[in-house]
Amino acid sequence: MTDAVKPPKKPRGKARLLENKCIACGARCQSACPVDAIQMNDAGEPIIDASRCIGCVKCVKVCPVQAIEMAFTPEELRILQELAASSAGAELSEEDAEEAALKKKLAAYSGVWVFVEQTEGEAAKVSWELLGKGKELAQARKCPLCAVVMGEGVEKLCDQAFGYGAEKVYLMDAPVLRHYRTEAYQKSLCALVEKYKPEVILMGATGLGRDLAGVVATVLATGLTADCTGLSIDDKGNLMQTRPAFGGNIMATIVCDKFRPQMSTVRPHVMPMPEFDPQAKGEIVREPVPVVEDQVLVKVLDILMDGGGSKVDIAGAEFIVSGGRGMMAKENFAMLQELADVLGGVVGASRSAVDAGWMPPDRQVGQTGKTVRPKVYIACGISGAIQHLVGMQDSDVVIAINRDAEAPIFEVASYGIVGDLFKIIPALTNKLRALKAARSKA
Amino acid sequence: MLVVVCVKQVPDTTQVQIDPVTNTLIREGVPFIVNPYDTHAVEEALRFKDRFGCRVAAISMGPPNAEATLRKALAQGVDRAVLLSDRSFGGADTLATSKVLAAAIEKLAKEEEVGVVICGKQTIDGDTAQVGPGIATRLNFSQLTLVDRVDELDLSGKKIRVSRKLEGRHEHVEAPLPVLLTVVRELNRPRYPTVAMRLESADAQVEVWDNKVLQLDVNGIGLKGSPTWVSRIFSPERAKGEMLGDGAHDPEGAAQLLIDKMLEKDLLAL
Amino acid sequence: MMPQTAIFTTLLVASLLFFCWSVYRRFSLLCYGQPEERLDQPARRLAEMFLYAFAQLRVLRKPFGLNHFVIFWSFMILALANGEFLVNGVFPSVSLALLPEGVHRALLLAFDAVSLLTLFAIAFSFIRRLVVKPPHLDSLYVKGRSPEAFLILSFIALLMLAYFGLHGSLIALGMEDPSAMPVSSLVGSWLSSHPDLIPALRNVSWWLHAFVLFAFICFLPHSKHMHILTAIPNCYFGALAWPATQPREKFEKGAVYGVGTVERFTWKDLFDSFTCTECGRCQAACPATITGKALNPRQIVHAIKTNLLENGDALREGRSGTLPLIGAEGEGTNTEDAIWSCTTCGACMEACPVLIEQMPKIVKMRRHLVETESRFPEELLNLFENMEQRSNPWGIAPGERAKWVSTLPVKPFVAGETEYLLYVGCAGSFDSRAKQVTVALATVLNAAGISWGILGKDEKCCGDSLRRLGNEYLFEKMALENVELFRQRGVTKVITLCPHCLTTLKNDYRQYGLELEVVHQSELIADLIRSGRIKLDKKDDSLGKIAYHDPCYLGRHNDIFEAPRTLVQAATGVAPVETERHGRNSFCCGAGGGRMWMEEFTGERVNHARVDELLAQKPDTICVACPYCMTMMEDGLKDKGAGQVRVRDVVEVLAEGLLRKNA
Ligand SMILES: Cc1cc2nc3c(=O)[nH]c(=O)nc-3n(C[C@H](O)[C@H](O)[C@H](O)COP(=O)(O)OP(=O)(O)OC[C@H]3O[C@@H](n4cnc5c(N)ncnc54)[C@H](O)[C@@H]3O)c2cc1C
Ligand SMILES: Cc1cc2nc3c(=O)[nH]c(=O)nc-3n(C[C@H](O)[C@H](O)[C@H](O)COP(=O)(O)OP(=O)(O)OC[C@H]3O[C@@H](n4cnc5c(N)ncnc54)[C@H](O)[C@@H]3O)c2cc1C
Ligand code: SF4
Ligand code: SF4
Ligand code: SF4
Ligand code: SF4
């Protein structure tokens with residue numbers, strides 16, 4: 001052999017923060033750095049001490065927004081180029097022992113599960129939506145799609161689950177599960193998971209679903225992604241969970257690649273409803289409930305359905321149809337009530353409408369009324385004075401109906417219709433009613 | 001009895017804007033605030049204090065400047081404030097966060113019995129609503145999420161009765177203490193600090209606990225103890241200001257366009 | 001010594017002792033008040049005292065004030081006669097007759113004439129209280145037709161009658177020369193035909209005169225007529241500058257903020273309360289009282305007096321009083337509702353004949369409620385949080401401040417390059433209607449070639465509402481930040497769109513050592529018109545008949561009355577029509593003093609009352625010069641079903657005129 005010309009050591013470079021990219025995610029880069037080269041400033045952004053950096057690239061990998069890159073001096077760049085030219089792709093993809101162990105651990109889990117949420121024997125629609133999505137995921141993973149049904153006297157839900165695509169249903173039916181109580185459901189679900197080891201568990205991101213998921217994930221010591229709006233499987237077989245964060249200002253894709261099961265709660269009304277097949281059949285796996293009543297100390301005293309009788313709370317409503325001076329008279333608010341009824345919402349008002357005595361003061365939205373944040377806010381005959389806007393502009397979607405195209409309400413509206421509300425609202429209500437009737441028949 | 005409130009410092013996300021050209025988040029000038037839900041949690045704890053004379057401690061996990069958040073709680077009347085800050089806590093997801101918070105509560109409980117822990121329903125940055133349940137599980141407390149009214153707190157009988165706000169319904173529940181509550185905004189109206197309290201709190205002591213104090217295994221906390229990680233962040237497409245149809249001449253058509261739009265965006269819960 | 005002299009002397013000494021004791025008891029309570037500097041600039045103070053106390057400038061503003069003027073000056077002149085009477089009663093040998101003959105005769109003539117005038121004036125007062133019954137004479141606890149009022153009036157009348165009786169008898173007895181006393185001599189000549197009555201009448205009149213005087217001396221300190229003693233010094237101690245602003249507070253541990261108990265007021269506040277004449281003029285001017293709110297500025301002042309007297313003993317003993325200053329409705333207590341109803345419009349201060357400062361007292365109590373008690377109307381919580389977190393009242397992201405700019409090229413302010421800072425203010429930045437005014441202003445400034453720039457998203461709210469609402473702590477925080485920002489950026493000349501920004505930058509920030517040249521847009525533009533830099537040739541009559549509404553913080557608080565009218569005149573060729581209350585006496589739109597952020601639950605809406613007054617002039621357009629007034633007028637018109645009447649800022653009128661010219 002000739003003199004071993006020691007190849008120049010591959011330069012590793014230094015980490016460098018790119019401007020305006022960091023989102024202050026909570027010091028991920030700092031925690032990743034093995035040599036304390038990163039300090040965080042008051043704005044939550046890293047200050048990288050290049051003299052300490054050993055170029056391990058850990059911070060680069062961990063940053064969710066690619067805000068850190070490796071910087072090389074011209075000299076280093078030259079060496080890199082030379083290296084690239086001399087030994088093209090000599091990099092061996094060696095799987096180290098650690099990774100192999102991980103693979104084995106994960107392989108023990110299989111199957112996509114959907115938790116079927118029910119109240120008083122009635123399933124939440126989101127559960128069926130999830131079966132639709134779950135099917136896709138299960139096909140991608142080439143594994144079965146299963147539903148989990150819990151409650152008292154809820155066996156009839158199993159058939160529905162099959163109809164919406166489940167191949168297998170795990171059923172736990174016992175009086176102790178009659179009302180949802182965190183402890184009882186958590187113990188039951190954890191017992192099932194530990195026994196059957198699914199790789200994915202989906203639940204609706206409802207009050208109940210989020211209550212249960214957080215607890216189960218903690219007991220199982222696995223990852224949980226909240227309120228997802230998108231789910232897919234990546235090429236390594238991991239679940240890519242996309243969800244809004246920062247008040248809807250950003251979307252984040254979350255992965256949980258080292259733990260199983262991968263758990264997500266999923267926002268209702270986002271995944272499409274699957275076709276229902278009344279002929280579909282599947283296997284019901286009955287499991288004993290691992291809790292007895294004496295162990296569960298929480299008692300549900302009663303459940304009150306909203307709407308009927310109890311006073312309307314516009315601050316917490318998800319759909320609000322609001323009317324302003326453009327409604328012209330008190331009687332015309334009946335028209336808005338009809339629309340609200342179809343949508344499952346409540347009626348709000350501008351101050352003008354309240355002043356005129358058309359609506360009670362507790363329905364006033366705005367600066368000196370209530371601040372509302374519904375999913376959908378429909379403003380009818382409201383001009384959009386700032387005093388009104390401040391009460392509703394955090395709504396997810398604002399729909400404005402006004403005959404004046406210049407009305408400021410259109411500046412904050414996601415969708416606007418210019419025209420006479422006395423023609424548009426009834427048309428809208430009728431069409432929605434027809435749609436609803438058609439859907440419930442289906 | 002001690003009531004513990006968990007408060008988080010968050011960027012004021014309603015002020016975050018998206019750069020229309022680069023489609024990235026503009027964070028410049030966006031201030032940090034107390035997570036709005038947590039101000040209601042603090043208020044409820046203070047009401048317990050007013051009624052029963054129990055003491056209230058506020059805890060927060062975050063960077064050193066999260067101290068400001070705790071000062072605000074002190075100004076409102078909280079008796080003790082503890083900031084959990086350590087490099088090894090950074091980069092945590094909810095599982096790792098709840099571990100640190102639960103450990104801190106356990107440490108507090110060694111000095112004084114903890115009867116109630118109160119968290120916000122969720123934060124406005126992470127938005128997960130998972131930390132509360134995580135803490136309750138780790139502490140083995142009863143868990144009542146989405147509380148919109150506290151009907152009764154019976155300290156001698158060691159139980160609590162609350163109303164929970166769920167989709168389209170309210171549930172009245174009774175649970176034994178100790179309990180963890182996560183609260184919604186409708187629960188109460190936070191008090192406004194008096195000037196005296198503000199000045200008092202300006203130099204009141206915020207205790208800082210790092211991992212030397214909590215002694216947690218570094219593999220179970222922070223980035224290392226987090227099973228989930230954020231692989232990518234991007235800006236959502238936003239519908240702002242779209243005018244639909246010609247409502248003046250074709251109201252039916254415009255209504256149909258709107259319904260189509262709502263269906264497309266999954267806005268209908270029919 | 002004659003028995004008569006002895007009795008007289010004894011009674012006089014007793015009355016004087018009682019008087020001194022009463023006065024001491026009351027005025028010593030002033031010591032419990034907080035210190036306040038009201039002794040500087042004696043020359044200016046003397047001038048004020050002369051104008052308002054002696055020349056009765058404010059009193060004379062109302063028609064009936066002439067009556068008071070007569071009584072006041074008669075009182076001053078008769079003080080000499082009464083003085084003589086008292087001295088003469090004790091030392092019968094001493095009298096004015098010792099003076100040179102001419103002087104004595106002149107005095108006698110004056111006494112005689114003035115006493116008659118007074119009798120007439122008193123008669124008018126009786127008629128006014130009994131027949132005309134102006135409603136503003138009544139407040140909840142003090143009635144226009146109270147026994148006290150009639151007692152005092154009767155005292156005065158009796159004194160006059162006794163004077164004529166006495167001097168008539170003396171003339172009839174030939175002991176006095178009738179030629180200098182025409183009225184008394186009439187009585188005298190009548191008496192000549194009833195000689196048997198003369199000695200008795202002389203005695204009765206003399207004693208009546210004496211007793212009434214004694215009674216008056218004893219009663220005076222216990223009645224609202226205390227103002228006879230206090231009004232003159234109160235005018236001397238009056239505020240030298242119009243109090244459009246409030247004093248700073250010191251924020252340190254252990255300090256007390258605002259006024260929660262009566263002794264927390266300053267001695268001058270307490271002195272004010274002793275001075276109130278219960279004339280009800282403030283009440284007749286107050287928009288809150290007029291529209292049926294719990295607030296009556298006169299009652300605020302009355303409550304302070306009552307509370308101080310009631311709690312006086314406790315204060316002397318070093319205890320705190322038992323009668324609350326702020327609490328449930330009752331004499332001597334102010335309700336929170338009343339305290340929050342004030343628009344800080346200043347109409348009360350403008351109306352008060354004895355220069356009492358009602359509005360600042362209300363703000364002091366607000367400070368206590370906000371800063372010490374943390375109790376305020378629910379709606380304000382949002383305001384306070386928004387101000388603290390986002391530096392604007394609506395809580396809109398500060399990043400959106402400069403959005404109005406999108407339609408025009410606008411430069412940032414750079415010291416040295418731009419002359420003026422245009423301080424847009426929150427309404428002008430965020431409120432869609434006010435944004436149109438901002439654009440109009442920008443257009444006019446550009447047309448006149450003014451060099452100006454903005455701070456953009458670095459601009460913060462001036463904090464006006466916070467200060468008027470008593471949240472001084474937060475105000476101070478924002479003021480310090482703003483002052484620092486202005487200094488850093490080298491701002492020296494500022495144009496404001498909004499009178500509230502104007503007053504705050506100009507009057508309030510001075511307390512923080514920042515002297516700016518601040519002008520309201522209308523002032524600057526009026527100057528530009530005068531100097532010919534803005535010329536309008538085509539007169540615009542598209543706005544029809546224009547009525548102008550004076551914003552309180554532009555007019556009353558900052559003396560800008562002409563400039564906005566000049567703008568209208570220049571653009572349309574005609575001066576705007578005036579409402580009955582205008583200029584200095586203008587009626588608030590209802591938004592000042594932080595009322596813009598509160599709901600109005602009781603009584604008529606203030607903006608409705610104002611819109612009614614304006615509509616009485618049958619205008620086609622209402623002109624304003626303030627974004628809050630704009631909202632209030634627009635809302636009021638719509639509520640009144642008068643949506644066809646337009647509302648324009650004066651600068652919009654001018655901008656439209658300019659456009660027409662260029663077209
Ligand atoms: C102190 C204060 C506090 C306030 N607080 C609040 C508050 O909390 N909430 C609030 O809402 N307001 C509040 N306001 C009032 C606010 O300033 C506006 O006056 C009010 O919001 C206007 O209500 P509006 O849009 O219903 O009426 P308008 O401004 O009169 O608008 C009516 C709209 O209806 C449209 N219209 C009329 N007929 C039809 C038709 N046939 N079809 C379609 N469109 C039609 C018109 O084009 C117009 O745009 C407050 C005001 C003040 C001074
Ligand atoms: C874009 C993005 C997406 C994320 N998605 C996920 C995800 O899907 N799953 C996941 O596990 N993690 C996720 N995280 C991480 C998560 O945000 C952090 O773990 C965070 O520390 C706690 O979660 P949260 O803010 O959602 O709190 P939540 O669970 O919404 O908070 C509920 C309550 O818990 C208390 N609380 C929460 N954090 C603290 C604290 N630091 N100190 C004191 N009290 C506290 C407060 O009372 C709060 O009101 C994400 C982070 C980012 C930046
Ligand atoms: S590259 Fe490695 S050593 Fe350098 S800063 Fe990043 S994590 Fe630290
Ligand atoms: S990991 Fe990225 S986003 Fe998070 S703090 Fe570091 S640079 Fe910022
Ligand atoms: S300032 Fe105006 S509103 Fe306030 S008391 Fe005086 S007159 Fe009334
Ligand atoms: S405060 Fe002034 S204006 Fe009001 S009643 Fe008293 S004296 Fe008259």
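Protein chains get the first letters and strands the later ones, always in sequence-line order, with residue 1 at the start of each.
Using a 4.5 Å heavy-atom threshold, the side chains of B/L268 and A/L432 count as touching. Looking at A/L297 and B/K159, their side chains never come closer than 4.5 Å, going by heavy atoms from C-beta outward. Looking at heavy atoms from C-beta onward, B/E242 lies out of side-chain contact with A/S414 at the 4.5 angstrom threshold. No side-chain heavy atom of B/V230 sits under 4.5 Å from any side-chain heavy atom of A/T253. Counting heavy atoms from C-beta on, the side chains of B/L258 and A/Y415 come closer than 4.5 Å. A 4.5 Å side-chain heavy-atom check between A/V255 and B/W229 finds at least one atom pair inside the cut-off. Put simply, the side chain of B/L267 does not reach to within 4.5 Å of the side chain of A/H269, judged on heavy atoms.
Contact count against chain A (heavy-atom pairs under 4.5 Å) is highest for B/I259 among B/I135, B/L146, B/I259. In terms of heavy-atom pairs under 4.5 Å with chain B, the best-connected choice from A/D227, A/L212, A/V270 is A/V270. Each of B/K99, B/Q143, B/E171 has some count of heavy-atom pairs under 4.5 Å with chain A, and the biggest count is that of B/Q143. Of the listed residues (B/T228, B/L263, B/I233, B/T137), the one with the most heavy-atom contacts under 4.5 Å to chain A is B/I233. Ranked by heavy-atom pairs under 4.5 Å with chain B, the first of A/A427, A/A217, A/G344 is A/A427.
Among residues two or more places apart in sequence or in another chain, the side-chain contact (heavy atoms from CB on, under 4.5 Å) test is passed with A/R403 by none.
The CG atom of A/L224 sits 7.5 Å away from the OG1 atom of B/T128 when rounded to the nearest 0.5 Å. Rounding to the nearest 0.5 Å gives a distance of 5.0 Å between NE2 of B/H172 and CG of A/L304.
B/S231 touches chain A through backbone and side chain together, each having a heavy atom under 4.5 Å away. At a 4.5 Å heavy-atom cutoff, the contact between A/T225 and chain B is made by backbone and side-chain atoms alike. Contact annotation for A/P244: only backbone heavy atoms (N, CA, C, O) come within less than 4.5 Å of a heavy atom of chain B. Contacts of A/T119 with chain B are made by side-chain atoms alone, with heavy-atom separations under 4.5 Å and no backbone atom involved. Neither the backbone nor the side chain of A/M271 comes within contact range of chain B, judged by heavy atoms closer than 4.5 Å. For a residue to count as touching a neighbouring chain, one of its non-hydrogen atoms must lie under 4.5 Å from one of that chain's; by this rule A/R267 does not touch chain B. Contact of A/Q241 with chain B is not made at all, since no heavy-atom distance falls under 4.5 Å. With a 4.5 angstrom heavy-atom cutoff, A/V397 touches chain B only via side-chain atoms. No part of A/R181 comes within reach of chain B, as not one of its non-hydrogen atoms sits under 4.5 angstrom from that chain. Both the backbone and the side chain of A/D257 come within contact range of chain B, judged by heavy atoms closer than 4.5 Å.
In plain terms, the two heavy atoms of B/A255 and A/L428 that are nearest each other are O-CD1, 3.6 Å. Residues A/V215 and B/P133 share a closest heavy-atom pair of CG2-CB, 3.8 Å. For the residue pair A/A245 and B/G126, the shortest heavy atom distance occurs at CB-O, 4.4 Å. Taking all atoms of both residues into account, the shortest heavy-atom contact from B/N65 to A/D42 is ND2-O, 2.6 Å. Scanning all heavy atoms of the two residues, the minimum distance from A/F259 to B/P227 falls at CD1-CB, 3.4 Å. Of all the heavy atoms in B/E167 and A/G207, the pair that sits closest is OE2-N, 2.7 Å.
Between the side chain of A/S31 and the backbone N or O of B/L223, no donor-acceptor pair lies under 3.5 Å. Looking only at distances, no side-chain donor or acceptor of B/D125 sits under 3.5 Å from a matching main-chain atom of A/F246. A side-chain donor-acceptor contact under 3.5 Å links B/R87 to the backbone of A/Q30. Of the possible polar contacts, none joining the B/R232 side chain to the A/T242 backbone as a donor-acceptor pair under 3.5 Å is found. Side-chain atoms of B/E174 never come within 3.5 Å of backbone atoms of A/L301 as a donor-acceptor pair (strictly under, hydrogens ignored).
Pairs of residues two or more places apart, or lying in two chains, that qualify as salt bridge (Lys or Arg N to Asp or Glu O under 4.0 Å) and include a residue from residues 244-253 of chain B are A/K431-B/E252.
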Assess whether side chain to side chain contact (heavy atoms under 4.5 Å, CB included) is satisfied between A/T218 and B/L95, documenting all intermediate values.
CA-CA 6 Å; A/T218 311; B/L95 193 74; 4.2 Å; yes
